[in-house]
Amino acid sequence: MTYRIEIDRKELSTSEINAIDEKLKKWFGSNAEFTANTDDQGRPSLYYNNSDYSANLYYYSLTDPRWMLELYGKKSVQLPELNLKFANPTITPNSERPIKWEDKEVPDELPKLTDYVSEATVYHGDYEIHWYDMSFSEAQAVCKKLVNALDGYSYQLQFSNETTHSHYSFNFIGKLNGKERSVYFDFSKKGKDGSYTLVGVREDGS
């Protein structure tokens with residue numbers, strides 16, 4: 001089975017592309033295969049490959065144009081960790097949220113993500129946990145806890161505006177307590193009115 005990560009970015013500067021290129025070349029090692037091409041707009045497409053894993057950085061110009069970094073590897077191979085700038089996974093008490101984590105009415109599969117939540121719902125075997133107020137650093141901590149808790153083989157990270165942290169989404173397909181699950185995470189900043197965060201789990205793993 002292939003392990004795959006996708007990191008979507010709407011824009012990449014030349015310096016960011018060069019930094020990614022430098023890190024990937026160091027990551028893959030001196031014996032790796034490297035290929036570089038340029039599209040009609042002068043944007044590079046970079047491909048890296050060795051015996052254990054491969055990567056491709058390119059601009060996707062069809063529907064919803066964006067930069068894509070895709071990483072593939074054999075499941076038995078431990079991929080090097082990406083620096084995704086997650087905050088340290090600490091639990092942040094927040095008395096403005098009315099429901100204690102222990103009192104939420106959803107299956108007890110996830111680790112404790114925060115002390116309090118705003119809402120928790122179950123529907124057709126799937127469930128969602130809502131936070132109506134959360135800082136971006138706390139959202140990062142929650143996201144990292146999800147990564148650590150799930151024994152998965154693919155996940156996707158999307159940053160629609162990394163500068164202002166206006167939106168942050170995460171999808172993970174893998175095993176949670178030995179069962180196939182699909183987990184989705186969404187953080188949306190709402191200006192002066194705070195933010196909205198959602199974690200959902202699908203029972204069928206789809």
Side-chain angles (χ1 to χ4, degrees), residues 3-10 69 71 75 78-206:
Y3 189 106
R4 175 174 175 173
I5 303 170
E6 296 181 359
I7 300 178
D8 294 1
R9 290 287 300 276
K10 298 295 184 181
L69 172 60
L71 297 155
K75 195 181 180 203
Q78 180 67 41
L79 287 176
E81 183 178 353
L82 289 176
N83 179 12
L84 300 172
K85 299 181 180 178
F86 287 136
N88 290 329
T90 56
I91 295 173
T92 304
N94 191 324
S95 60
E96 295 180 3
R97 302 171 192 157
I99 304 172
K100 288 185 178 181
W101 179 266
E102 293 79 6
D103 296 334
K104 67 187 187 315
E105 295 182 1
V106 300
D108 191 20
E109 295 182 319
L110 292 170
K112 187 175 183 179
L113 300 177
T114 62
D115 283 336
Y116 293 85
V117 303
S118 299
E119 182 183 348
T121 58
V122 180
Y123 52 96
H124 304 298
D126 302 338
Y127 59 93
E128 291 183 342
I129 303 171
H130 305 252
W131 294 262
Y132 298 143
D133 54 324
M134 180 177 280
S135 68
F136 186 72
S137 61
E138 187 182 11
Q140 288 179 303
V142 168
C143 195
K144 182 160 188 177
K145 287 181 183 180
L146 292 172
V147 173
N148 292 340
L150 285 150
D151 177 16
Y153 45 82
S154 70
Y155 64 84
Q156 180 180 48
L157 292 159
Q158 298 178 328
F159 305 83
S160 65
N161 193 328
E162 194 173 81
T163 302
T164 61
H165 306 313
S166 63
H167 184 80
Y168 186 92
S169 64
F170 164 93
N171 293 278
F172 196 110
I173 300 173
K175 289 186 177 181
L176 188 63
N177 288 333
K179 299 178 181 179
E180 289 290 329
R181 292 290 186 264
S182 175
V183 176
Y184 50 95
F185 170 92
D186 190 84
F187 170 87
S188 298
K189 190 173 182 179
K190 295 183 177 179
K192 296 180 179 179
D193 296 328
S195 62
Y196 175 78
T197 304
L198 165 69
V199 170
V201 179
R202 295 191 179 97
E203 191 173 59
D204 59 5
S206 62

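Put simply, the side chain of Glu138 does not reach to within 4.5 Å of the side chain of Thr197, judged on heavy atoms. Proximity of His130 to Thr121: side-chain heavy atoms (C-beta onward) are separated by under 4.5 Å at one or more points. Using a 4.5 Å heavy-atom threshold, the side chains of Ile129 and Val201 count as separate. At a threshold of 4.5 Å between non-hydrogen side-chain atoms, the residues Lys112 and Glu102 count as touching. Residues Phe185 and Leu113 have side chains not in contact (no heavy-atom distance under 4.5 Å, counting atoms from C-beta outward).
The shortest heavy-atom contact between Pro107 and Val122 is CD-CG2, 4.3 Å. Here the closest heavy-atom approach between residue Thr114 and residue Trp131 is recorded as OG1-NE1, 2.8 Å. Listed here is the closest heavy atom pair of Leu176 and Ala149: CD1-O, 4.1 Å.
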(message) For a side-chain contact (heavy atoms from CB on, under 4.5 Å) check, start with the C-alpha distance between Val142 and Phe187, then their side-chain angles and the critical distance, and finish with the verdict.
(response) CA-CA 10 Å; Val142 168; Phe187 170 87; over 6 Å; no
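The CG atom of Asp103 sits 9.5 Å away from the OH atom of Tyr116 when rounded to the nearest 0.5 Å. Here the straight-line distance linking atom CD of Glu128 with atom CZ of Arg202 works out to 8.5 Å at 0.5 Å rounding.
Partners of Glu109 according to the salt bridge (Lys or Arg N to Asp or Glu O under 4.0 Å) rule, which considers only residues two or more places apart in sequence or in another chain, are Arg181. Asp108 meets the side-chain contact (heavy atoms from CB on, under 4.5 Å) test with Lys104; sequence neighbours excluded.
A donor-acceptor pair under 3.5 Å is formed between the side chain of Ser118 and the backbone N or O of Tyr132.
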